[in-house]
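So the structure is just underneath, and the comments pick up after that.
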Amino acid sequence: MYLFSSLHDIGKIGIPDKVLLKPGRLDPAERAIMETHVDKGIQIIDRIVGTGAHQRLPDSAILRNIVHCHHEYLDGSGYPRQLQQHAIPLEARIVTVADIFDALTAIRPYKPVWSPNNALAELDRMVQAGKLDADCVQALHDHLDQITAIHERYADIDAVS
């Protein structure tokens, strides 16, 4: 998880900058382009680690699951395959929660930075809506002091980038 989670959006390398770096909301056509980053990511991973019996990396299934399923929601409203509940691998459910938390608490040109507490409240709302794994969100609650310390430690880096 530690090694592979940072690669969840590797497919964004294949997304045009005009879409990837757009400061406002994406229109439906741009959103469709952005959503292709998942399949592009799987193509990249498969070229790097191989497939089937020819896999060259231990636990590469975990990497594939993270890249392929980090936008799936428990209620089936995610993408690209509209998976539901436990059809979404646990490692992807964990990364989904972390990715949303990071997106909310990081500087983005199209939104203000959210506090960790406000981001957790949004994650709780998404649990109530049936989208996120409650245990994964609870893990963030259980470690809020550590998360806040990390957030403060890297705040200056976010302000520069």
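Fair warning: this is a prediction, and the values are worked out from it, not measured in the lab.
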All heavy atoms of Asp75 vs all of Gln84, minimum pair found to be O-NE2, 3.3 Å
With clusters defined by side-chain heavy atoms of hydrophobic residues (ILVMFWY) lying less than 4.5 Å apart, directly or transitively, does Ile147 cluster with Tyr2? no
### Message
Side chains of Arg125 and Glu122, heavy atoms from C-beta outward: is any pair under 4.5 Å?
### Response
yes
* Heavy-atom distance under 4.5 Å between the side chains of Val67 and Gln43, does that happen here? -> no
Notebook entry, point to check: Do the non-hydrogen side-chain atoms of Leu74 and Arg93 ever get within less than 4.5 Å of each other?
Noted result: yes
In this structure, CG of Asp135 is separated from CG of Asp142 (nearest 0.5 Å) by 9.5 Å
Rounded to the nearest 0.5 angstrom, the OG-CE distance for Ser6 and Met1 is 10.5 Å
Note to self: Quick check on the hydrophobic clustering: are Val38 and Ile48 connected, directly or via other members, by side-chain heavy-atom contacts under 4.5 Å?
What the structure shows: no
Item to complete: Would you check if His70 and Asp9 make a side-chain contact, meaning some heavy-atom pair closer than 4.5 Å?
Response: yes
Flag side-chain contact, heavy atom, 4.5 Å: Leu63 against Glu91
no
Item to complete: May I have the step-by-step check of side chain to side chain contact (heavy atoms under 4.5 Å, CB included) for Leu123 and Leu120, ending in yes or no?
Response: CA-CA 5 Å; Leu123 293 174; Leu120 279 173; 4.1 Å; yes
In this structure, would Val97 and Ile88 fall into the same cluster of hydrophobic residues linked by side-chain contacts under 4.5 Å?
no
Rounded to the nearest 0.5 angstrom, the NE2-CD1 distance for His68 and Ile42 is 5.0 Å
task = Establish whether Ile44 and Tyr79 are linked, either directly or via other cluster members, by ILVMFWY side-chain heavy-atom contacts under 4.5 Å.
result = no
Taken to the nearest 0.5 Å, the spacing of Arg153 CZ from Ile150 CD1 works out to 8.0 Å
Margin query: Taking the side chain as everything from C-beta on, heavy atoms only, tell me whether Leu104 gets closer than 4.5 Å to Ile100.
Written below: yes
Practice prompt. Evaluate the side-chain proximity of Thr96 to His8: yes if any heavy-atom separation is below 4.5 Å, no if none is.
Written response: no
- prompt: Taking the side chain from Lys111 and the backbone from Ala106, do they hold a donor-acceptor pair closer than 3.5 Å?
  reply: yes
All heavy atoms of Glu72 vs all of Leu83, minimum pair found to be OE1-N, 2.9 Å
Separation between NE2 (His37) and CD1 (Ile13), nearest 0.5 Å, reads 13.0 Å
In terms of heavy-atom contacts, Met34 and Leu26 come closest through CB-CD1, 3.9 Å
Discussion item. Determine whether a donor-acceptor pair (N or O, by modelled atom type, separation under 3.5 Å) exists between the side chain of Glu35 and the backbone of Ala32.
Written reply: no
On a heavy-atom basis, the closest approach of Ile10 and Gly41 is CG2-CA, 3.8 Å
Is Val137 reachable from Leu90 through a run of hydrophobic residues whose side-chain heavy atoms are each under 4.5 Å from the next? no
query = Mind checking whether Phe101 and Pro116 have side chains closer than 4.5 Å, heavy atoms only?
reply = yes
ask   = Any luck finding a side-chain donor-acceptor pair between Asn117 and Ser115 under 3.5 Å?
value = no
(request) Let me see the working for Asp99 and Ser5 under side chain to side chain contact (heavy atoms under 4.5 Å, CB included), right down to the final yes or no. (result) CA-CA 9 Å; Asp99 189 33; Ser5 62; over 6 Å; no
When rounded to the nearest 0.5 Å, the distance separating CD1 of Ile15 from CG of Leu21 is 11.0 Å
